[in-house]
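Heads up: the structure comes next, in structure tokens.
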2 protein chains.
Amino acid sequence: MVSEKDSKETAEKKIIAAAREVFLEKGYDGARMQEIADRAGINKALLHYYFRSKEKLFMGIFVEVISILIPRMKEAMSGPVSLKRVIEIFVDSYHEIMLENPNLPAFVVGEIHRQPELVVEMMKQKGFDINMLKFFINQQVQMGHIRPVDPVQFMVSLVGMSLFPFIGKPIIKGIMLDGDDAKMLEFLTERKEFIVEFVLKGLDYAE
Amino acid sequence: MVSEKDSKETAEKKIIAAAREVFLEKGYDGARMQEIADRAGINKALLHYYFRSKEKLFMGIFVEVISILIPRMKEAMSGPVSLKRVIEIFVDSYHEIMLENPNLPAFVVGEIHRQPELVVEMMKQKGFDINMLKFFINQQVQMGHIRPVDPVQFMVSLVGMSLFPFIGKPIIKGIMLDGDDAKMLEFLTERKEFIVEFVLKGLDYAE
DNA sequence: TGTATATTTGACCACCTGGTTAAACAAAAT
DNA sequence: ATTTTGTTTAACCAGGTGGTCAAATATACA
């Protein structure tokens with residue numbers, strides 16, 4: 001009973017790990033069941049034994065990825081602290097996630113484009129919600145800590161600034177930084193501080 | 001001779017138009033030669049008559065897209081005008097391009113991820129170069145118009161803020177704006193002014 | 001006109017794709 | 001020990017894929 005469960009779990013987990021790799025690398029259309037099986041070190045038929053179809057396997061992976069992402073975004077929006085701290089946490093969170101999963105941004109962008117409604121529905125279902133942040137920003141405005149701004153404009157700016165370095169990494173490195181890895185690393189290191197300062201100034205934040 | 005050229009050009013152009021549509025919509029892996037032929041209203045074999053392979057056809061489209069994009073980005077970086085005006089032109093350019101080609105951002109992101117070196121090489125070859133803007137920003141710093149900033153950090157911020165609304169449109173609309181089209185339109189309309197003001201403040205720009 | 005040349009097509013092909021199945025194998029349960 | 005249950009595999013399949021080709025059609029040329 002024990003060893004049975006064990007082997008099932010390891011096999012299933014090997015599949016999930018491999019599928020995650022391949023789907024994140026190649027996207028749904030570019031991914032091949034055979035390659036997933038190969039990377040998992042198992043027979044292709046076993047994929048269909050555990051997950052009925054490519055679609056089902058993909059959805060499993062996608063749900064998992066979203067489920068990991070959402071809590072970390074919520075976490076950044078929840079602490080009842082200073083605006084500066086909220087922004088810092090937000091930026092740090094994004095950088096950490098993206099450094100750990102280099103293929104994530106392109107993957108998510110691709111899925112948003114492929115099945116927008118589904119992604120939105122899933123994010124909603126997983127409890128992604130920006131009302132708390134909206135409230136927080138409006139409060140900061142009322143207290144006179146920052147100038148009057150649309151919280152959505154602010155948020156889109158923050159996310160855009162945080163995400164784009166990873167989405168456009170090859171362009172930034174290849175064209176703006178002479179293809180120099182060291183420069184890119186330096187750029188990313190400085191990026192966090194830059195964003196925080198830039199955004200706070202953009203909001204007329206008075207410390 | 002004349003009509004021959006005409007029919008060839010119209011057939012070729014119908015193919016290019018259809019291929020552009022399909023590739024931008026579905027990406028390289030998701031695109032099907034049959035669908036391109038159908039949308040062009042021609043036989044699939046004719047695709048291979050004009051363009052030898054899917055790869056070749058795709059590259060043609062991709063070069064074309066990049067070739068349209070680059071000049072408009074250079075244009076924004078060239079005018080010897082005020083920083084504010086440069087940013088305005090930049091933001092306007094991006095918005096115009098993205099409104100005209102809704103599938104462009106996801107497509108480009110996908111290609112950057114699929115063949116980073118190739119995209120970089122192609123952009124370089126097409127004359128994409130940020131040295132002028134770097135110089136301009138450094139000049140502005142020296143003249144005391146803005147605080148000292150890394151031009152690359154600035155530029156990535158500007159592009160990120162401009163692009164992200166289009167990349168993440170379904171999320172913004174679906175989750176942040178209650179799926180309300182009118183709100184989304186309003187958001188995009190206000191976006192341009194917001195970015196200009198936000199960025200200028202972020203740079204400590206003194207008018 | 002007839003002939004050469006370019007364009008367009010239907011039929012076809014080899015290969016790859018996701019997916020199935022029956023049988024072998026391993027492990028628990030009795 | 002043997003049956004029962006769950007796991008893993010090799011072999012296979014139908015449909016789709018990019019790509020080809022010879023024939024048909026249109027066009028330019030003499």
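Predicted model, so just to flag it, every value in this text is computed and none were measured. Every chain is numbered from 1 and lettered A, B, ... according to where its sequence line falls, protein lines coming before strand lines.
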Exercise for review: State whether the distance check finds a donor on one side and an acceptor on the other, under 3.5 Å, for side chain B/Lys54 versus base D/dG19.
Suggested key: no

Rounded off to whole Å, could you give me the [atom1]-to-[atom2] distance for the [X] and [N] pair?
X	N	atom1	atom2	value
A/Asp29	C/dG18	CG	P	10 Å
B/Glu12	C/dT8	CD	C1'	14 Å
A/Lys44	C/dT21	NZ	P	14 Å
B/Tyr28	D/dT17	OH	P	13 Å
A/Tyr50	D/dG6	OH	P	12 Å
B/Arg32	C/dT17	CZ	P	11 Å
B/Ile42	D/dT25	CD1	P	19 Å
B/Glu35	D/dG19	CD	P	16 Å

Review point. Touch check for A/Leu47, heavy atoms < 4.0 angstrom, all strands: base, sugar-phosphate only, or nothing?
Key: nothing

Practice item. Would you classify A/Ala37 as touching base, sugar-phosphate or nothing, given that sugar-phosphate means primed atoms plus P, OP1 and OP2, and contacts are heavy atoms under 4.0 Å? Key: nothing

**Study point:** Residues A/His95, A/Phe166; criterion ring pair (Phe, Tyr, Trp, His ring centres under 6.0 Å); working and verdict
**Key:** CA-CA 9 Å; A/His95 273 246; A/Phe166 300 96; 5.0 Å; yes

Has [X] got a side-chain N or O lying under 4.0 Å from the OP1 or OP2 atom of [N]?
X	N	result
B/Asn43	C/dG10	yes
A/His48	C/dG19	yes
B/Tyr49	D/dT20	no

Check your understanding: Can you tell me if NZ on A/Lys84 sees more than 12 non-hydrogen neighbours from other groups inside 6.0 Å?
Key -> no

Check your understanding: What residues, two or more places apart in sequence or in another chain, satisfy salt bridge (charged side-chain N to carboxylate O under 4.0 Å, His left out) together with B/Lys124?
Key -> none

Check your understanding: Hey, does the Lys NZ or Arg CZ of A/Arg114 hover above the aromatic six-ring of A/Phe58, less than 6.0 Å from the centre and inside 45° of the axis?
Key -> yes

Check your understanding: Quick one: do A/Lys14 and A/Glu21 make a salt bridge, cutoff under 4.0 Å?
Key -> no

